Amino acid sequence: MRRLIGRVFQAAFATVASAIVLGSLSASPGAAQKIEGLAPTPPMGWNSWNHYGCNIDEALIRETADALVSSGLRDAGYVNVNLDDCWHGERDENGNIQADPERFPSGMKALGDYLHARGLKFGIYSDAGTQTCAGRPGSQGYEFQDARRYAEWGVDYIKYDWCNTGEGAEQRNPREAYRTMSRAIAASGRPMVLSVCEWGDNEPWLWAGQYGHLWRTTGDIINCWDCTVGHGAWSSSGILPILDQQDKLRSFGGRDGWNDPDMMEVGNLPTLAENRSHFAMWAMLAAPLIIGSDVPGMTPEITAILANKRLIAINQDPLGRGAMKWIATPDWEIWAKPLTDGEWAIAMLNRGDEAQSISIDWAAVELKDDTFGHRAEFAQRSYTLTDAWSGKAAGDTRTALTSKVAPRDTAVFRLRPI
Ligand code: GAL
């Protein structure tokens, strides 16, 4: 009897071990299939939607890829080139999804090869419903077939949307839907990042990390500072309304599972100050940094914002903590982000239309992150300050800091223990 139990155990162990080796855990029906390690820091790249909407084709994607390389943005970390909605054609007679033959005549495999040859990664978009938001074929019922197809094309990243998933009691269960796509990716044999895009409707921060590497926390972003635009059943929001929804979620984001306040509008906002603030705050939030503007036509000022290596380092810090709102007034806020080795980043955001003189008397304040147990002891320890925009030394915490912040602009400092 003991030997029988031993053999049963051995057999069970061998099955589990080989399932792990093969990367297929299909033995347990409810198990998560997520491929870990694909997003140790927030993903960076470009996505077509914010600037081009449905108006995309292979020439644009190639031009954008070339511009990411020649501008230095790829080398700054923006490696994912993500096609959003509207790349699709019809399914063939076997149900295989195909690219729009007019817009992508060379096909998706060729496009993936083009990107990979330039040190870039290939991202694609689909939807958990019957159709995408723009009415292209969705993946519902085709998840495994689509993931296999994407793997053949060399896809590295899937943004998976939530339109046309049914209404009310008939609506698809979001956990089931994203779990199915996660399992389909695992079964395809190609590691692909899964970007969960159900607009924060079902509190994805509580469950989506089992299946995906990032999840949208809000409805769609739009290129305004402080507006909300209604579209009937849904609305899109500018930078401040989206930012205001993030602080309460910071405990949920981290390695391989990032809160995603949506793709950036940097380059699409009217003033440099607004573009700077938007970028600074997304960097502070440990948000995915996905460029949403016209890369070939980008001005040097916008490229300089997006390529700022000190801001990027704050975003990509391996500790993986998002910033917390530390000090808040109606007109301005100070956010603080714990970094590795006891360092911190501090952002002074001027929300309003008047310049602000913002001061921190280090001796009189306490900086404590109760959620993750980080603290800065300004009384016992001093920190040097570096202006993250310019790279210039900005004194240390033995003296109070006063910074003049222009309307809608953001100052950022990095604190290093002395
Ligand atoms: C929305 C999504 C946008 C974009 C769009 C495409 O649902 O939030 O980011 O992907 O669909 O139709």
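As the structure lists them, so they are numbered: ligands from 1, and atoms in each ligand from 1. Quick caveat, the model's predicted, so the values are computed rather than measured.
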Heavy atom of Asp220 under 4.0 Å from ligand 1?
-> yes
Based purely on interatomic distance, does Asp262 place a nitrogen or oxygen under 3.5 Å from a nitrogen or oxygen of ligand 1?
-> no
At a 4.0 Å threshold, what atoms of ligand 1 neighbour a non-hydrogen atom of Met263?
-> 9 (O)
Salt bridge Asp244-Arg351, side-chain N to carboxylate O under 4.0 Å = yes
Carboxylate-amine/guanidinium proximity below 4.0 Å for Asp370 and Arg375 = no
Enumerate the residue pairs fulfilling salt bridge (Lys or Arg N to Asp or Glu O under 4.0 Å) with a member in residues 67-80, sequence neighbours excluded, ordered by first and then second residue.
-> none
Looking at side-chain heavy atoms only, is the closest gap between Asp146 and Arg91 below 4.5 Å?
-> yes
Closest to atom 9 (O) of ligand 1 among protein heavy atoms sits Lys159 NZ, 2.8 Å
Any side-chain donor paired with an acceptor under 3.5 Å for Trp215 and Asn259?
-> yes
In terms of heavy-atom contacts, Tyr125 and Trp87 come closest through O-NE1, 2.9 Å
Any idea which protein heavy atom is nearest atom 12 (O) of ligand 1, and the distance to it?
-> Asp85 OD2, 2.8 Å
Which atoms of ligand 1 sit under 4.0 Å from any heavy atom of Cys133?
-> 1 (C), 7 (O), 11 (O), 12 (O)
Would you mind telling me if ligand 1 is within reach of the side chain of Tyr125, the backbone, both or neither, using heavy atoms under 4.0 Å?
-> side chain
Give the contacting part of Cys86 toward ligand 1: side chain, backbone, both or neither, where contact means a heavy-atom distance below 4.0 Å.
-> neither
Could you tell me whether some N/O pair between Trp49 and ligand 1 is separated by less than 3.5 angstrom?
-> no
To the nearest 0.1 Å, how far is atom 10 (O) of ligand 1 from its closest protein heavy atom, and which atom is that?
-> Asp84 OD1, 2.6 Å
Distance-only, no hydrogens or angles: does the Asn275 side chain make a donor-acceptor pair with backbone N or O of Leu269 under 3.5 Å?
-> yes
What residue and heavy atom of the protein are closest to atom 7 (O) of ligand 1, and at what distance?
-> Asp161 OD2, 2.8 Å
Would you call Asp113 and Lys109 a salt bridge, taking side-chain N to carboxylate O under 4.0 Å as the test?
-> yes
